Protein chains: 2
Amino acid sequence: MVSMKEIARSCGVSVATVSKALSDKPDISKPTRDRIRKVAEEMGYMLNASARALKTNRTYNIGVLFVDRMSAGLAHEYFSEILESFKKAAEESGYDITFINNRFAGQDSTYLMHCKYRNFDGVVIVSADFMDPQVLELVDSDIPRVSIDYSYNNCSSVISDNTKGLRDLVKYAISKGHRKIAFIHGERTDVTKKRVMGYYSTLRENGISVNENYVIEAKYHDIDLSYEKAKELLALEDRPTCIIFPDDYSRIGALSRMGEEKNPLPDDISVIGYDGIKMAKFVGLTTYEQDAVSLGRIACRRLVDAIENPTGICEHSVVAGKLIEGKTVKEVRQ
Amino acid sequence: MVSMKEIARSCGVSVATVSKALSDKPDISKPTRDRIRKVAEEMGYMLNASARALKTNRTYNIGVLFVDRMSAGLAHEYFSEILESFKKAAEESGYDITFINNRFAGQDSTYLMHCKYRNFDGVVIVSADFMDPQVLELVDSDIPRVSIDYSYNNCSSVISDNTKGLRDLVKYAISKGHRKIAFIHGERTDVTKKRVMGYYSTLRENGISVNENYVIEAKYHDIDLSYEKAKELLALEDRPTCIIFPDDYSRIGALSRMGEEKNPLPDDISVIGYDGIKMAKFVGLTTYEQDAVSLGRIACRRLVDAIENPTGICEHSVVAGKLIEGKTVKEVRQ
DNA sequence: AAACATTACGTAATCGTTTACGTAAATCAT
DNA sequence: ATGATTTACGTAAACGATTACGTAATGTTT
């Protein structure tokens with residue numbers, strides 16, 4: 001690897017001059033700067049990140065905590081889109097991203113230790129067990145950090161507006177004449193609580209009393225379970241006219257399965273998903289699209305801001321999504 | 001950040017002794033080693049990756065080239081599984097992974113330059129435009145490297161057995177009595193060519209003459225296009241009895257869409273996917289499961305091996321998948 | 001007891017940068 | 001012409017670790 005030393009020798013200047021020339025410091029004359037840059041280019045020189053980091057204490061590297069919770073992992077379109085968007089924004093700001101894990105040299109360690117080791121300029125917590133002591137330790141550290149879809153009180157966060165999501169969906173269903181609206185929701189996380197709140201409040205505001213049989217707990221991304229719960233709803237004496245699924249994935253999966261089994265969903269039942277994955281749009285599913293791209297971008301901006309202009313105050317942003325009107329909610333006579 | 005210097009001071013020894021004690025060098029007595037380790041632990045010491053890398057020229061960091069080709073990106077379950085598996089294996093071997101990009105300090109650069117900058121111990125090319133000059137430059141570099149699902153002649157590779165995939169699927173369809181087997185395949189990449197080869201050879205071996213109308217080019221992960229092509233096939237005078245789709249995603253999407261449109265697939269048509277994504281299993285789709293987990297693991301093993309025991313010779317592995325018998329291929333009378 | 005080997009640590013150079021500070025030459029002011 | 005300022009570069013220390021080599025204090029051999 002060619003270093004500044006060799007460029008210096010080749011140009012007959014000192015290493016310091018090379019460094020300053022390459023980083024556009026003002027006290028180098030234009031002729032020498034140009035000459036040095038040209039030689040550096042010719043020799044295929046590239047700055048050494050380790051040496052620079054050692055001296056400046058800046059790595060231009062962001063740690064990403066992305067734990068394959070509920071075995072959806074990267075394959076979960078929502079999270080993968082957030083990650084892609086974050087990555088893109090980070091790269092534009094001059095940062096790389098590296099996954100955080102809790103191993104060191106192949107041995108067990110902690111997330112925080114790993115971050116110290118790598119000297120990340122900042123950390124983003126995308127998908128994790130938010131109550132894991134190791135995660136909390138990281139959240140309580142003094143590393144610039146931001147969490148996505150979960151709010152700690154000592155850490156900036158960017159979260160998707162889940163309450164609005166369900167409010168919009170329920171309002172839409174009501175506008176189509178539905179009053180018997182069921183909600184198969186995910187496991188009881190913070191996100192789910194917000195959605196359930198939105199569900200209840202919107203029904204209440206519209207003078208619709210909630211049938212508790214219509215609110216069923218399932219899991220995110222669990223096709224089997226959603227399928228079972230949907231069948232339970234359909235078997236009810238007073239069955240709903242509209243079913244909101246935990247997410248698009250389980251909705252599409254559950255109904256596909258019914259289709260393969262030649263027991264398709266009855267014609268008079270409307271269905272709604274959540275997330276706004278691509279496939280949902282392709283098949284015409286009515287859903288609520290979370291703005292994953294904005295979530296990633298805003299999270300990155302917050303983090304880079306916290307790194308470059310540290311104030312210590314943490315800010316919480318809420319990102320709205322939008323309803324996608326598909327063809328799966330039918331008009332119902334009152 | 002607490003460094004070895006402070007531990008040395010606190011223990012009344014030299015920095016060298018601390019370094020040797022922490023890395024279990026033999027010439028430190030057990031008492032001092034234990035004392036140093038205890039103090040290091042108490043002070044919350046962690047090794048500094050940059051300093052170590054600078055001195056040893058080893059970063060224990062692997063660069064991942066993962067370009068969002070055909071806008072499937074991380075959300076493509078096949079690739080995300082490979083990546084997860086690779087990541088896991090890398091972590092077990094003591095390596096972290098960082099995404100490669102072609103920017104430096106927010107400016108345009110090249111993949112190779114980025115790798116030089118970060119000093120990756122090795123590089124894996126997972127999903128990229130394999131003919132991109134920048135990728136070729138990386139492939140031709142002297143960085144230990146491995147490519148997945150594409151074989152360069154100067155770079156180790158791990159590829160999924162695409163020919164076997166189609167051979168198995170076609171053989172299965174034939175065993176169920178089908179002779180009119182259509183293949184909607186993806187864009188003409190290397191992978192696709194292998195699959196098409198498998199398709200043709202198996203039909204030929206079974207004495208079935210190929211109806212060229214049955215071989216149609218579409219795209220991977222393109223629901224709309226697969227949907228259109230499937231309809232074209234169904235509109236043929238002599239229509240096929242079995243359709244192989246480019247992948248599970250487009251198959252499920254296309255048929256879901258037909259379902260939503262209340263023009264479901266005729267009962268006498270069999271369908272087959274490719275990839276073995278989770279949803280495919282949930283809905284009972286007959287498909288060919290690529291062994292993404294093995295692909296990732298083997299690729300990592302190859303790479304780590306190339307890093308730690310450099311020989312210069314490159315090896316190519318082919319990973320077999322397996323047919324998943326769902327319920328979407330019906331028995332047909334001869 | 002002299003010679004030698006072993007043990008356990010320290011010394012100092014080094015990796016590739018950055019940067020505060022020093023300095024010589026050129027330019028300017030008076 | 002003298003002193004002050006500016007310009008353009010060099011010097012050297014520092015970041016935090018690693019490691020070849022040196023060395024003092026022990027232990028071992030004959």
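Scope of the values below: all heavy atoms of this structure, side chains included, with no hydrogens, waters or symmetry mates. As the structure is a prediction and not an experimental result, all values here were calculated from the model. Chain identifiers are assigned alphabetically (A, B, ...) following the order of the sequence lines, protein sequences preceding nucleic acid strands; residue numbering begins at 1 within each chain.
OP1 or OP2 of C:dG16 has not a single side-chain nitrogen or oxygen of B:K55 nearer than 4.0 Å. Phosphate proximity of C:dT17 to B:Y117: absent, as no side-chain N or O sits under 4.0 Å from OP1 or OP2.
Of the candidate nucleotides D:dT18, D:dG16, C:dT11, D:dG16 has the atom lying nearest to any side-chain atom of B:A51. Closest to the side chain of A:N48, from the set C:dT19, C:dC15, C:dT17, is C:dT17. Of the candidate nucleotides D:dT19, D:dT18, D:dG16, D:dG16 has the atom nearest to the side chain of B:S3. Side-chain atoms of A:M4 lie closest to C:dT17 of the nucleotides C:dT17, D:dT11, D:dT19.
Among the heavy atoms of the strands lying under 4.0 Å from A:T32 are primed sugar atoms or P, OP1, OP2 only; no base atom is included. Contact annotation for B:K20: base contact, defined as any heavy-atom pair under 4.0 Å involving a base atom. Nucleic acid contact for B:V15: base, since at least one base atom lies under 4.0 Å from a heavy atom of the residue. Contacts of B:D27 with the nucleic acid, taken as non-hydrogen atoms under 4.0 Å apart, include base atoms. Backbone-only contact: A:T56 has heavy atoms under 4.0 Å from sugar-phosphate atoms and none from a base. At a threshold of 4.0 angstrom between heavy atoms, the contacts of B:S29 are confined to the sugar-phosphate backbone, with no base atom among them. As judged by a 4.0 angstrom heavy-atom cut-off over every strand, B:S19 is placed among the base-contacting residues.
For A:L54 and D:dT18, the CG to C1' distance is 13 Å, given to the nearest whole Å. Between A:M43 atom CE and C:dG16 atom P the separation is 12 Å, expressed in whole Å. In this structure, CD1 of B:I36 is placed 8 Å from P of C:dC9, rounded to the nearest angstrom. D:dG10 atom C1' lies 16 Å from atom NZ of A:K5, rounded to whole Å. If you take CG of A:D24 and P of D:dC9, they are 14 Å apart, rounded to a whole angstrom. Across the protein-nucleic acid pair, A:R58 atom CZ and C:dT18 atom P stand 13 Å apart, rounded to whole Å. B:K25 has its NZ atom 15 Å from the P atom of D:dC21, to the nearest Å. D:dA8 atom P lies 12 Å from atom NZ of A:K30, rounded to whole Å.
Counted by atom type alone, B:R145 and B:S156 present zero donor-acceptor pairs between their side chains at under 3.5 Å.
Below 30°, between 30° and 60°, or above 60°: for B:F104 and B:Y117 the angle between ring planes is above 60°, a perpendicular geometry. Ring pair A:F66/A:F79 is perpendicular by interplanar angle, where above 60° counts as perpendicular and below 30° as parallel. Ring planes of B:H221 and B:H76: parallel class, angle under 30° (limits at 30 and 60°).
Side-chain N or O atoms of A:R35 include one that pairs as donor or acceptor with a backbone N or O of A:C11 at under 3.5 Å.
Checked options A:V304, A:I307, A:D121, A:I62; the residue passing with A:P144 is A:I307 (criterion: side chain to side chain contact (heavy atoms under 4.5 Å, CB included)).
The residue among B:S50 and B:A16 whose nearest nucleotide of DNA chain D lies closer to the 5′ end is B:S50. Nearer the 5' end of DNA chain C, as judged by each residue's closest nucleotide, is the contact made by B:P26, out of B:P26 and A:T17.
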